[in-house]
Amino acid sequence: MSGYNLPKTYDFSAIEEPLYKWWEERGYFKPWNDPNLPNFDPSHKPFVISIPPPNVTGELHLGHAMFVAMEDLMIRYHRMKGEPTLWVPGTDHAGIATQLLVERELAKEGLRREQLGREAFLKRVWAWKEKYGGIITRQIRRLGASCDWSRERFTLDEGLSRAVREAFVRLYEKGLIYRGLRMINWSPGLRTAVSDLEVEYSEEPGTLYYFKYVLDDDPNTYIPVATTRPETILGDTAVAVNPQDERYTSFIGRKVRVPILGRLIPIIADSYVDPGFGTGALKVTPAHDPNDYQIALRHNLEIINIMTEEARINEAGGPYAGLDRFECRKKLWEDMRAADLVIKEEPYTITVPRSQRGGEIIEPRLSEQWFVRIKPLADAALQAVREGRIRIIPDRFTKIYYNWMENIQDWCISRQLWWGHRIPVWYCDDCGAMTVAREDPTSCATCGSPHIHQDEDVLDTWFSSGLWPFSTLGWPEETPDYKYFYPTSVLETGYDILFFWVARMIMFGLEFTGREPFHTVYLHGLIRDEHGQKMSKTKGNVIDPLEVMNQMGTDALRFTLLVGSTPGNDINLSLKKVEANRNFANKVWNAGRFVIGALDSCPPAPQSSPQWTLADSWIWARLQNLLREVERLFESYQFGEAGRQIYDFFWSEFADWYIEIAKLQLAQGGDRAFYTAYTLVRVLDACLRLLHPFTPFVTESLWGHLKQAAQSKSELLAPKEGWAEALIIARWPEPHPPEDWEEEKTEHFAMVQDIIRAIRNVRTEKKVPPARKIPAVIVAGDHAEMLYEQSQIIAALAGVSTEELQILKDRATRSGNEIALVARGIEIYIPLANLIDFEAERARLQKELAEAEQQISRLEVLLAGPFAERAPAQIVEKERQKLETFRETAARLRDQLRALDQ
RNA sequence: GGGCGGAUAGCUCAGUAGGUUAGAGCGCCUCCCUUACAAGGAGGAGGUCAUGGGUUCGAGUCCCGUUCCGCCCACCA
């Protein structure tokens, strides 16, 4: 049996890499993936996914593994459905993250980027990208990602850069991009602006500092003020109170002195101030607080910036100039205490804005930046989802999306970095006018002067990612790819970047292409450790997907991620789960070995028409049921549930029952053996196809062996059209319409199963040695004939001796010297007189009888009530039959109890 | 301050057409190296589906309230 030449344990490490190479070389990842078919068929609707581009310098983590598993699943499924399928891969330049990495490298050499200058620095980054940029894509291949690498893109590629320019200029020309002085979030460490989304707020224990603002006209009187950031006192330009606040009415319009600095600032009235909070008086620092800035605008206050780009105090801070913001806080407070300006300190929980990258504390800062006027874009994006042109799965994120879109603020898109798309704006040194252009200009568009210089800033990375679904296909050119593959189909990613990325793609897609960039958004959850903790290096609970793949194989990891998750819900991953799925891959492998072995030894194709056994029919019916279920589940994006059902079918029906029975049928030889092999092949083949999107490697590998074995056997086993040259491009199995016989065969087989289980159960209970065959009498009424045909199977699987198995329609006498069982109304007697403990038997039978009677009365009540009239006839009938069976069972149990008493 | 998710077996979780005896994996107990697989096979123990109400012939599943856990959004010094 050549099937047994395959290794006994599935050896993924020998299989995965060559298989992936083969797929790629054969061109299966391309949309026209069958090498035997013509190259382009525009009449087919394509299925397209753009990869969420990982950071070019990133390293594989479970988030990547998750999206690859999900997207590759969808891609492989649609490919097998025969659709032209394209998965566009690529990477993101990831401005901040990458620049930070390179700057850190420089720091090791004692260098800062300013010392190198822009050109030289960018050269370094590109060199870095060339060196490490391939790592992540290699790792993604390792996961089995079947993307079309010939179409790989990078956000800083020439084509994509052109798209970015085009987008910027179009928005600018429409008046949707503007430059202005605004309060933005400033990252002192990176010395750049960041967007609202890049700031995370954390509740932290802090202090509320109370101090005195002394009145200029009455040095003995002061107005008490509280702040969480004393250093900002240096930039105060007013103290505000609520106009309704009677405590302070007399102060309004008078002046106070800024502590230490001695500047005179006014006390003003503004209804923004909450009289109930703190002291009811608010210090106003327009340059360092967004609310204060608004107040300043209303009252025309002076705006004093007291901090440098690195959040040190500048010359406006007088004696504190040069100090770091937190040093200053300490020093200033001490000085104020010495000057008797301190009232008290109170512990206070403050909401600290921190950078998403690195966690440093963000400073609100007034500065000149570029913004996208987002409202018009957001409105269109809102419409697209409201009108169902884009569907978000799971549905609950739709609300979150609405909420964000409805309250969206203008998007700060300029970054004071060097690594990224430089803003295509030039300033004239002579007339000062701006030139915004698609191509680098040589002169000022307004005055014609050649003395122009480009804006120093680059664009937010997400600006280019927002164009990803169409920029990767060639936009703004009307390339064949763009025309055919755009819009894409499904956008799949983690819910954590719904706003960062998904929302922006929708806005940009609608704005620039006039179409929704995809019709469906599928969001997966975050991956946590086995107890739901976030994975982090400090906690030491990080699972490295590469490690997992090395240990258990790619299929095991993929299957775990897919089956262990439901849309939008976080998944708690543990190695135990992966291990269980590695075992599954091994199970599949071994079932395959068995089937291939069966093929090798089975007789040639018969002339006669097939005669199916109950088991054959049953497994076929169950397979059809599975195909229907999987189809339904895939349609509704319930991939995890689909995987689970395939798993269950494969293991507990196909392997546990059909294969066991197949051994008996094969042993009969002749036509029976052939048709058994035929069924084995059919079912295994279908399972491999169904599993392929989940576990591509073990299925492809096994399928190749199976195909070979089947083809060398007979045309019947391997009809040409069914067996493509690779599983990856083989057809997805379609279910047959349900047929009448299916229900009956399923029912009958369930009976056989229950009888076998009942006997096995009693064997274990009575501690019958496994090898010992026992006698049994089955009394089955109308089912006797059907069961008689299954007697071999019952005997073999239940450990009953074939000679001593009787299957009767009825039996006049019952002896007390038998163990009596009832399964589905069928009686089973095991004459094991020496093993019978009469008391225990009576107790057991009585317990079973009680259970049956309880069910009977429950069902009687149910069927006598309104249920019978109101519930659908089918459901009622089902319950009626159940009641019948229980009555039957109860009657048999009573017989047996009586027999026991004789 | 708003909004969302979770609460099901010792652990981690499925259960998304409401159908009446609630499932899996791991762990646990008994037995078995049976010629695909010990990464396996057979049998078993274990759950008042967080809680209180409601809708319905019927609720783990739908509606309302409560408690605990987690998350997102929001400019309160």
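A, B, ... follow the sequence lines: proteins, then strands. Residue 1 opens every chain. All figures in this text were calculated on a predicted structure; none of them were measured in a lab.
- A:Glu641 and A:Gln645 share a donor-acceptor pair across their side chains, judged by distance under 3.5 Å alone.
- Crowding of A:Gln668 atom CD: a count of heavy atoms from other residues, nucleotides or ligands under 6.0 Å exceeding 12.
- When the nucleotides B:A36, B:G43, B:G19 are ranked by their closest atom to the side chain of A:Thr764, B:G43 comes out on top.
- A salt bridge does not link A:Arg632 with A:Glu635: none of the charged nitrogens is closer than 4.0 Å to a carboxylate oxygen.
- The aromatic rings of A:Trp333 and A:Tyr209 stand perpendicular to each other, their planes meeting at an angle above 60°, with 30° marking the opposite boundary.
- A gap of 25 Å separates the C1' atoms of B:G44 and B:G60, to the nearest Å.
- Across all strands shown, nothing is found opposite B:A74 as a Watson-Crick or G-U wobble partner with both distances under 3.5 Å.
- Here A:Pro290 lies out of heavy-atom contact (under 4.0 Å) with every strand.
- Distances shown here put a side-chain N or O of A:Arg632 below 4.0 Å from the OP1 or OP2 atom of B:A17.
- Taking only distance into account, the side chain of A:Gln638 never meets the base of B:A17 through a donor-acceptor pair shorter than 3.5 Å.
- Taking atom C1' in both B:U66 and B:U56, the straight-line distance is 24 Å, to the nearest Å.
- Across every strand in view, B:G58 sits unpaired, with no contact that passes the Watson-Crick or G-U test at under 3.5 angstrom.
- Here, B:G18 and B:U61 have their P atoms 12 Å apart, quoted to the whole Å.
- When distances run from any side-chain atom of A:Thr566 to the nucleotides B:G15, B:G43, B:C4, the shortest one goes to B:G15.
- Phosphate proximity of B:U21 to A:Lys882: present, with a side-chain N or O under 4.0 Å from OP1 or OP2.
- Summarising the base pairing, B:C68 is matched to B:G6 through a Watson-Crick or G-U wobble pair whose two defining distances lie under 3.5 Å.
- Between A:Tyr647 and A:Phe584, the two ring planes are tilted [angle within 30° to 60°].
- Residue A:Trp404 places no side-chain N or O under 4.0 Å from the OP1 or OP2 atom of B:C4.
- Proximity of A:Asn761 to the phosphate of B:G44: a side-chain N or O atom is located under 4.0 Å from OP1 or OP2.
- Figure legend. B:U20 is base-paired to no nucleotide; pairs are counted as Watson-Crick or G-U wobble with both atom distances under 3.5 Å.
- For the C1' atom pair drawn from B:U55 and B:U8, the interatomic distance equals 23 Å after rounding to whole Å.
- Among the atoms of the strands shown, none is found under 4.0 Å from any heavy atom of A:Arg763.
- The phosphate of B:U12 has neither OP1 nor OP2 within less than 4.0 Å of any side-chain N or O from A:Lys577.
- At a threshold of 4.0 angstrom between heavy atoms, the contacts of A:Thr9 include nucleobase atoms, whether or not backbone atoms are also involved.
- Salt bridge absent: A:Glu631 and A:Arg628 never bring a charged side-chain N and a carboxylate O closer than 4.0 Å.
- No side-chain donor from either of A:Asp292 and A:Tyr272 sits under 3.5 Å from a side-chain acceptor of the other.
- In this structure, a donor-acceptor pair under 3.5 Å is present between the side chains of A:Glu198 and A:Ser195.
- Proximity note for A:Arg757 (side chain, C-beta onward) versus B:G43, B:A42, B:G3: the nearest is B:G43.
- When distances run from any side-chain atom of A:Lys8 to the nucleotides B:G19, B:A36, B:A38, the shortest one goes to B:A38.
- A:Val225 comes within contact range of no nucleotide atom at all, as no heavy-atom separation falls under 4.0 Å.
- Looking at the side chain of A:Tyr272, the nearest of the listed nucleotides B:A39, B:C75, B:U21 is B:C75.
- Listed pair A:Arg396 / B:G5 fails the phosphate criterion, with no side-chain N or O lying under 4.0 Å from OP1 or OP2.
- Nearest nucleotide to the side chain of A:Asn583, out of B:G41, B:U16, B:A39: B:A39.
- A:Lys587 has no side-chain polar atom (N or O) that falls below the 4.0 Å cut-off from OP1 or OP2 of B:A39.
- The A:Pro872 side chain lies nearest to B:G19 when the options are B:C32, B:C4, B:G19.
- Taking the side chain of A:Arg528 as heavy atoms from C-beta on, and the options B:A36, B:G3, B:C71, the nearest nucleotide is B:C71.
- For the P atom pair drawn from B:G19 and B:U35, the interatomic distance equals 43 Å after rounding to whole Å.
- Heavy atoms of A:Ala580 sit under 4.0 angstrom from primed sugar atoms or phosphate atoms, though from no base atom.
- For A:Lys576, counting side-chain heavy atoms from C-beta on, the closest listed nucleotide (B:G15, B:G19, B:C26) is B:C26.
- B:A42 and B:U30 make up a base pair, with Watson-Crick or G-U wobble contacts both under 3.5 Å.
- Among B:C72, B:A36, B:A38, the nucleotide with an atom closest to any side-chain atom of A:Phe499 is B:C72.
- Rounded to whole Å, the separation between the P atoms of B:G5 and B:G15 comes to 15 Å.
- Taking only side-chain nitrogens and oxygens, A:Tyr348 comes nearer than 4.0 Å to OP1 or OP2 of B:A77.
- Put simply, A:Asn291 has no side-chain N or O that comes within less than 4.0 Å of OP1 or OP2 on B:A77.
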